[in-house]
Amino acid sequence: MDEFDRLLYEGSAQLPPELSELAPPRPWKKPIGQICWGLALITITLNFFGLNIILPAVGAALLWLGLAPLRRENGGFRFAYACATLYAVLRLTVILLQATPLDHWLASLIGQEWNTTTGPVPLYYALWTVLIQLVLVFAVGGLWQGLKGVFHQAGQKPRTAAAGGLVMLEVLLLPMALVGLEGWLLVGPILILWVCLIVSLRRIGKSLDQAGYTMQPAPMAVSNRLALGVWLGLHLLIIAALPLLFSRLPAGVQTQVYGTTASDSPLRSELLELGFPEDILSRLDDSELVRFEGAYGLKKEGYRNDESDLPDGMPSIVTVEVPVRDEKYGFRTVYLAYLHWNPNEASGGYMEGVQIAQDYQGVTAWTTQPDGVLKWQDSAGNAYTMPLNFRFDTDNAGTACYYANFSLPKDVSGPTEGFLFWEATPTFPEIVSLYNFSVTAAHKRSCWQYPYTLPSELLASGFHAPNWQWRMYQWTSEGQMAPEGQYDSRKY
């Protein structure tokens, strides 16, 4: 040992002990770890407690935060960072649209449906899925190329198979989502492969640290914790506040009624003799009354809630079945569904919906699209009407139904009444046929709902929403279509 070595050996004992315990710098551990966690949270789907929103939001932020310090290393990382930024913006846009009616408007504007193994979905949502997943594929692809460039700069053979495998797997997830594949036998092996690739990607950062490649992190204007907090706070603000602005539907065309439009025609007396409820009949004007011209029978079902009952926002439903003579078909049957909201619950509601399922057991009959109207008086005693617009759709069981969405007027004095009309004509008018139908009402009790949901969507899905948000009530009726002389309202 020469003199210089001896001095070094003797002086090493005088060094602070903490210096000898310092770990070597690991600049790649944090960004690669954030990227791995980001991809994990983006891919994992848990549909409870709002985790389907929270986890992808955190994942998009972590992916962006992980790529941000790498963006100056090479072109691959810069491309991945730009794609991660676009991915986060697209995710936030989806959250924003789902809090407003704009999402439904865009879906109806594009129209058409995309068929999956779990049923048809609007083409609009399929296009969103393709766009968001493609951006994620490009982000992971940029990460792959960036890692390859770093290994080349370090003078080592690229060990980036895990990143390349993730690109291929993210590409594979796109047709799986569009087809709607489900079940552990199909998804399980892919999930196991995906976990292995994520773990291998995490090891790439360790390899780069061991290779001694020096990284110069790009500066960040704010800390990671602050950026993540602001990002999640923006999501919370959108989800918590924006739905409150759209808690009610826009008011329809409200027409003030001057004077009375009802006359003392002989038809009213004929309907009263057949058993038409007098209080409902008195509310029909002559243009509505003419539907029952030629009536030869009548069946009334349902009841009115007592005004002393506790308000629950639900209308009472009364149905009236009236067969009438028809020169072309021999006869047809006119149906009226009468909805009555008591004075103590007719105002202040948020959204209402009505579903009419006609002939839901497949009886051969031609039915018309329902049309309806709301009638009420304001606090000044002025009478108003508002038409209800029905649209055709099928429910989750494939049953043909008609739906109407509306909000009750705010300024109401007395009850609010709804009159829904449709007709059914039998294919074989010479025989007696059963005719079954149902009228289902939905009432939104809460001013907050995310995602934005119309009553018709809830009614069509058959989903029983929490009681604090929605109430639903269904009235089913079994009637008959029979020619004159064979109609018996007591038989069914």
Taking all non-hydrogen atoms of both residues, which atom of [X] and which atom of [Y] are closest, and how far apart?
X	Y	value
I204	A163	CD1-N, 4.4 Å
A177	T129	CB-CG2, 4.1 Å
G59	L41	CA-CB, 3.7 Å
Q254	P409	NE2-CB, 4.5 Å
V171	P175	O-CD, 3.0 Å
M314	A442	CE-N, 4.5 Å

Atom [atom1] of residue position [X] - does it have more than 12 heavy atoms of other residues, nucleotides or ligands inside 6.0 Å?
X	atom1	result
M220	CE	yes
Y402	OH	yes
W114	CH2	no

Has [X] got a side-chain atom pairing as donor or acceptor with [Y]'s backbone, closer than 3.5 angstrom?
X	Y	result
E73	Q216	yes
S207	R203	yes
T117	V179	yes

Legend entry - side chain to side chain contact (heavy atoms under 4.5 Å, CB included) assessment of K157 paired with F151: CA-CA 6 Å; K157 182 181 179 180; F151 274 102; over 6 Å; no
Starting at [atom1] of [X], measure out to [atom2] of [Y] and round the result to the nearest 0.5 Å.
X	Y	atom1	atom2	value
C83	L143	SG	CG	11.0 Å
L134	E170	CG	CD	11.0 Å
L459	D395	CG	CG	10.0 Å
Q153	K148	CD	NZ	13.5 Å
L136	L131	CG	CG	11.5 Å
L208	L147	CG	CG	6.5 Å

Inset, instruction - List in chain and number order the residues that pass side-chain contact (heavy atoms from CB on, under 4.5 Å) with Q469, two or more places apart in sequence or in another chain; answer none if no residue qualifies. - result: S446, W448, Q449, P466
Legend entry - Pairing residues for A227 by the side-chain contact (heavy atoms from CB on, under 4.5 Å) criterion, not counting sequence neighbours: L65, V222
Who are the salt bridge (charged side-chain N to carboxylate O under 4.0 Å, His left out) partners of [X], not counting sequence neighbours?
X	result
K375	E288
E423	R332
R471	D312

Inset, instruction - Indicate whether any N or O donor in one side chain lies under 3.5 Å from an N or O acceptor in the other, for E417 and H340. - result: no
Which residues pass the side chain to side chain donor-acceptor pair (under 3.5 Å) test with [X], sequence neighbours left out?
X	result
S223	none
R78	none
W144	T160
Q377	none

Legend entry - CA sep, side-chain torsions, deciding dist, call: T43, W194, side chain to side chain contact (heavy atoms under 4.5 Å, CB included): CA-CA 10 Å; T43 307; W194 173 83; 3.7 Å; yes
I want to check something: taking the side chain as every heavy atom from C-beta on, are [X] and [Y] in contact at a cut-off of under 4.5 Å?
X	Y	answer
I32	K206	no
P158	H152	yes
L249	L454	yes
L178	V130	yes
P31	L70	yes
S461	N396	no
C447	Y350	yes
R445	N467	yes

Contacts table for residues 384-393: side-chain donor-acceptor under 3.5 angstrom, sequence neighbours left out:
unit_1 : atom_1 : unit_2 : atom_2 : d
R391   : NH1    : D393   : OD2    : 3.4
R391   : NH2    : S456   : OG     : 3.2

Inset, instruction - Going by the side-chain contact (heavy atoms from CB on, under 4.5 Å) test, name the single residue among V354, D371, V373 that passes it with L420. - result: V354
Inset, instruction - Apply side chain to side chain contact (heavy atoms under 4.5 Å, CB included) to L166 and I198, showing your working. - result: CA-CA 8 Å; L166 278 174; I198 288 290; 4.0 Å; yes
Legend entry - Aromatic F77 / basic R71 pairing, under 6.0 angstrom, 45° off normal: no
Inset, instruction - Just do the side chain to side chain contact (heavy atoms under 4.5 Å, CB included) check on L92 and L234 with the steps written out, would you? - result: CA-CA 9 Å; L92 185 63; L234 187 58; 3.5 Å; yes
Legend entry - Test side chain to side chain donor-acceptor pair (under 3.5 Å) applied to D411 and S379, step by step: CA-CA 6 Å; D411 184 12; S379 56; 3.0 Å; yes
Under 3.5 Å, sequence neighbours excluded: what are the donor-acceptor pairs made by side chains of residues 98-105?
unit_1 : atom_1 : unit_2 : atom_2 : d
Q98    : OE1    : Y450   : OH     : 3.4
T100   : OG1    : L97    : O      : 3.1
T100   : OG1    : L102   : N      : 3.3
D103   : OD1    : Y124   : OH     : 2.7
D103   : OD2    : Y125   : OH     : 3.1
H104   : NE2    : E457   : OE1    : 2.8
H104   : NE2    : E457   : OE2    : 2.8

Legend entry - Residue list, ring pair (Phe, Tyr, Trp, His ring centres under 6.0 Å) with Y335, at least two apart or on another chain: W422, Y435, F437
